Number of protein chains: 2
Amino acid sequence: MGKQSTEMLKGTLEGIVLATLAVQPAYGYEITARLREQGFTDIVEGTVYALLIRIEQRGLVDVEKVPSEKGPPRKVYSLNAQGSEYLEEFWSTWSFLADRIEQLHQNIARTNDQGEN
Amino acid sequence: MGKQSTEMLKGTLEGIVLATLAVQPAYGYEITARLREQGFTDIVEGTVYALLIRIEQRGLVDVEKVPSEKGPPRKVYSLNAQGSEYLEEFWSTWSFLADRIEQLHQNIARTNDQGEN
DNA sequence: TACCAGTACTCAGCAACACCAAGTACCAGA
DNA sequence: TCTGGTACTTGGTGTTGCTGAGTACTGGTA
């Protein structure tokens, strides 16, 4: 999707991953794969792993090492209480932003309508 | 709104400003003031000016110096054809992202409902 | 006159984040 | 043995918004 999505993901990717973990615990490789399935085709593994380490260090998730039949052990992340709280903040920040932008979008549509008549 | 909104603004603030200019040409100080009125109370002047210089260098806006009765001359920015095109891309990128996140939000709501019953 | 507040823009340095690229390690099947 | 899939790590880069200070011009006030 070009460079715009890269910048737009900053700050939101974190929320997306936390939201994913809220639905169900998961490990890095799995999360990356799911994101790609959901349309974030350009997401790089390194990005996701770095993000997971960050949210772990902030105490938003609990980690458990689980052996895998095929490869190194998996680090399974699950959202904890603090993470849920943080996710709630994310939703409200996101909603605020989305509302403003939606409003702007409608303002423009209205401006264009006036221009056309 | 804390640090979350700072990161979330990355990439979107540009679109917000371009969208503002699409409605009506404006100068930096004015844009900053409008953003604050719209709820982005923490927006700093320096951020907006830097952004304006960036989009000017990318050729997304035209600039015109207009004398002011009270203070230094104003640099009035207006969206040009290239900027409109770029703004269209912004809308589509944004819509994609907003859709995914909205979907995630609903997934969580559904998960919680199941948990409660 | 001197000073301050409001207007309007500039600039150097910083922190956070996503990307890039390469690497490690483990297993199964050809 | 070697390839491909799984799974995680790490060092470096570029973009972006924030911080904080500075410049400059005007009008009002003591």
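Side chains are part of it too, since the values below use all heavy atoms of this structure and drop only hydrogens, waters and symmetry mates. Chain naming here is simple, since letters A, B, ... match the order of the sequence lines and numbering starts at 1 in each. In this text, all values refer to a predicted model and were calculated from it rather than measured experimentally.
- In terms of position along DNA chain D, the nucleotide closest to Thr47(A) lies nearer the 5' end than the nucleotide closest to the other residue of the pair Glu45(B) and Thr47(A).
- Counting only heavy atoms from C-beta outward, the side chains of Val17(B) and Tyr77(B) never approach each other to under 4.5 Å.
- Set against dA7(D), dT19(D), dT7(C), the side chain of Tyr27(A) has dA7(D) as its closest nucleotide.
- Distance from the side chain of Arg58(B) is smallest to dT16(D) among dA18(C), dT9(D), dT16(D).
- Considering only side-chain N and O atoms, Lys75(B) lies under 4.0 angstrom from the phosphate OP1 or OP2 of dT10(C).
- Between Met8(A) atom CE and dA16(C) atom P the separation is 23 Å, expressed in whole Å.
- Taking atom NZ of Lys65(B) as the reference point, atom P of dA8(C) lies 14 Å away to the nearest angstrom.
- Straight-line distance from the CD atom of Glu14(A) to the C1' atom of dA16(C): 10 Å, rounded to whole Å.
- Closest approach of Val76(A) to Pro25(A), counting heavy atoms only: CG1-CB, 4.0 Å.
- Residue pairs that meet the salt bridge (charged side-chain N to carboxylate O under 4.0 Å, His left out) test with at least one member in residues 9-32 of chain A, sequence neighbours left out, are Glu7(A)-Lys10(A), Glu14(A)-Arg58(A), Glu30(A)-Arg34(A).
- Within the 4.0 Å cut-off from OP1 or OP2 of dC9(C), at least one side-chain nitrogen or oxygen of Tyr49(B) is found.
- With dA18(C), dC8(D), dT10(C) as the candidates, the nucleotide lying closest to the side chain of Arg54(A) is dA18(C).
- Side chain Lys10(A) to base dT15(D): a donor-acceptor pair is found below 3.5 Å.
- Considering only side-chain N and O atoms, Tyr29(B) lies under 4.0 angstrom from the phosphate OP1 or OP2 of dT7(C).
- Side chain of Gln4(A) to backbone of Phe90(B): a donor-acceptor contact under 3.5 angstrom is found.
- Where Arg74(A) and Glu7(A) meet DNA chain D, the nucleotide closest to each residue was compared, and Arg74(A) sits on the side nearer the 5' end.
- Here the C1' atom of nucleotide dT16(D) and the NZ atom of Lys3(B) are 15 Å apart, to the nearest Å.
- More than 12 heavy atoms of other residues, nucleotides or ligands lie within 6.0 Å of CD in Gln38(B), so this atom counts as buried by the packing criterion.
- Look at CG on Leu35(A): it is 16 Å from P on dA7(D), rounded to the nearest Å.
- Distance Ile53(A) CD1 to dA16(C) P: 16 Å, rounded to the nearest Å.
- Within the 4.0 angstrom heavy-atom criterion, only backbone atoms of the sugar-phosphate kind lie near Gly28(A); the bases stay farther away.
- In this entry the distance linking CD1 of Ile31(B) with P of dT7(C) reads 16 Å, nearest Å.
- Within a 6.0 Å sphere centred on CD of Glu45(A), other residues, nucleotides and ligands contribute more than 12 heavy atoms.
- The aromatic rings of Phe40(B) and Phe96(A) sit perpendicular, their planes meeting at an angle over 60°, well past the 30° parallel limit.
- Per the geometry, CG belonging to Leu51(B) stands 16 Å off P belonging to dT19(D), to the nearest Å.
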Problem set entry | nucleotides 24-30 of chain D: protein proximity per nucleotide (B base, S sugar-phosphate only, - neither; heavy atom, under 4.0 Å) | BBS----
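- Side-chain contact between Ile31(A) and Tyr49(A): absent, with no pair of heavy atoms (C-beta onward) separated by less than 4.5 Å.
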